[in-house]
Amino acid sequence: MQEAPIKDILIANTPAALRPFIAMMDFISATNCWCGGVLEYWTPEFELYLQCASCGCKSVRFRPTNESLGRFYSSAYWYEYQQVHKCPTVDERFEGDMLDRIPHYMNWLRGLYPPPCKVIEIGCGNGRLLFELKQAGYDCTGVEMDERLAALVTKKTGVPVHHGSFPASNDPIYDLIVVIDVLEHAPGQIDFVRNVRSRLSSTGKVLVHCPVLDTLEASVQFRYMFNPLSHLWIHNSTSFNKLWLDAGLMAVKAGELFNMPVYAISRQ
């Protein structure tokens, strides 16, 4: 019996509010993990995710094409998709983030590499962390997929924020690279971490915060982390560490925030 079209399967397994986003995107079936391992059926609890037989990483069953991701991570993501998930607006986040996360990130970053030094945040969102880092004496740069948001944050914070998925190839080397709520969105995991390594100074550090779930029980508890249009990968501890090791980098847990680990990453 032939499987139903991809979009029909996605629509059948996602809330009705996501249907407009599914309609604007194109998808391909996933067969291999970032590590090269074969993706297998995981559990009926998560019909839209597969598990790698090698490293245990969870992958979306249907991956958006790169062209689709470019359309998705436009204003539609920040001003429509976020509202579907009842997230605060960009302006609200600029103020609210100071109450529950920015002070924690600032403490970790100061400990990893105190100012003055060069820092870049990949996927900087509302830009509040960069604004605070600039006030603390860091030389800051940001990157954001949405051109409109990049321009807005540049104007609001005085920090240059470039439009794109990653710094341009002629960008300088950085002492601190910040990757918060971004890794799970990156389609090419190996390419992403290799690019990070290529921009890291010899003594530089990377701060990473992303979902890392080691058991099915934890996955069920944090079910909201499994967003098949945006969270393309959900790592476990084994796959997360392997990803960075394969790129010549070493991850050490630096703490925890919102029940998810925060990692400090450096050259081996």
Side-chain angles (χ1 to χ4, degrees), residues 20-21 24-25 64-85 87-98 100-102 105-106 109 115-189 191-200 204 206-210 227 229-232:
F21 303 100
M24 69 181 279
M25 301 170 75
T65 64
N66 288 338
E67 183 182 0
S68 290
L69 288 173
R71 294 195 300 269
F72 180 64
Y73 288 111
S74 62
S75 297
Y77 179 78
W78 286 106
Y79 300 96
E80 297 173 34
Y81 185 76
Q82 293 289 313
Q83 299 308 305
V84 166
H85 288 89
C87 295
T89 66
V90 171
D91 288 335
E92 290 169 341
R93 283 286 300 269
F94 190 83
E95 300 303 328
D97 281 3
M98 276 301 294
D100 64 1
R101 65 199 68 196
I102 299 300
Y105 291 136
M106 290 292 294
L109 290 167
C117 73
K118 295 185 70 66
V119 56
I120 187 166
E121 183 176 9
I122 301 169
C124 64
N126 63 73
R128 186 58 187 261
L129 179 57
L130 287 175
F131 178 76
E132 297 299 325
L133 287 168
K134 179 184 177 184
Q135 305 310 305
Y138 288 91
D139 179 5
C140 297
T141 304
V143 178
E144 179 53 54
M145 282 284 287
D146 178 25
E147 187 172 12
R148 172 184 167 188
L149 184 59
L152 176 66
V153 172
T154 297
K155 183 177 180 180
K156 189 166 189 172
T157 65
V159 175
V161 176
H162 305 290
H163 165 228
S165 59
F166 209 83
S169 58
N170 60 351
D171 251 27
I173 298 299
Y174 295 91
D175 302 303
L176 275 176
I177 299 179
V178 183
V179 183
I180 295 172
D181 298 333
V182 167
L183 184 64
E184 63 270 30
H185 298 257
Q189 295 279 281
D191 287 343
F192 183 89
V193 298
R194 285 175 178 167
N195 280 335
V196 167
R197 187 180 187 278
S198 73
R199 306 303 169 79
L200 193 63
V206 186
L207 185 79
V208 179
H209 192 197
C210 70
N227 299 328
L229 303 188
S230 57
H231 289 187
L232 309 184

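Only a predicted model underlies this, so the values are computations on that prediction, with no experimental measurement involved. The basis for the numbers below is simple: all heavy atoms, side chains too, and nothing from hydrogens, waters or symmetry mates. Positions are given from 1 along the sequence.
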task: Would you confirm whether H163, through its side chain, and M145, through its main-chain N or O, come within 3.5 Å as a donor-acceptor pair?
output: yes
| query | What about F192 and F166, are their ring centers closer than 6.0 Å? | reply | yes
Heavy-atom closest pair (N66 atom, P187 atom, distance to 0.1 Å) is OD1-CG, 3.9 Å
Next on the checklist: Could you go through D97 and N126, starting from their C-alpha distance and side-chain angles, then the distance that decides it, and tell me whether this counts as side-chain contact (heavy atoms from CB on, under 4.5 Å)?
Outcome noted: CA-CA 9 Å; D97 281 3; N126 63 73; 3.0 Å; yes
- Query: Any sub-3.5 Å donor-acceptor pair from H185's side-chain atoms to S230's backbone N or O?
  - Reply: yes
Minimal heavy-atom distance between V182 and V179, with the atoms involved, is CB-CG1, 3.8 Å
- request: Answer yes or no: is there a donor N or O on one side and an acceptor on the other, between the side chain of T141 and the main chain of I120, under 3.5 Å?
  value: no
Is a side-chain donor or acceptor of E121 paired with a backbone partner of E144 at a separation under 3.5 angstrom? no
Subject >> Test: R148 cationic atom under 6.0 Å from Y79 six-membered ring centre, within 45° of axis >> reply: yes
- For Q135, does the CD atom have more than 12 heavy-atom neighbours from other residues, nucleotides or ligands under 6.0 Å away? yes
For R101 and R93 the tightest heavy-atom approach is NH1-NH2, 3.3 Å
* Okay, side chain of D175, backbone of K118: is any donor-acceptor separation there less than 3.5 Å? -> yes
Has R71 got a side-chain atom pairing as donor or acceptor with M24's backbone, closer than 3.5 angstrom?
yes
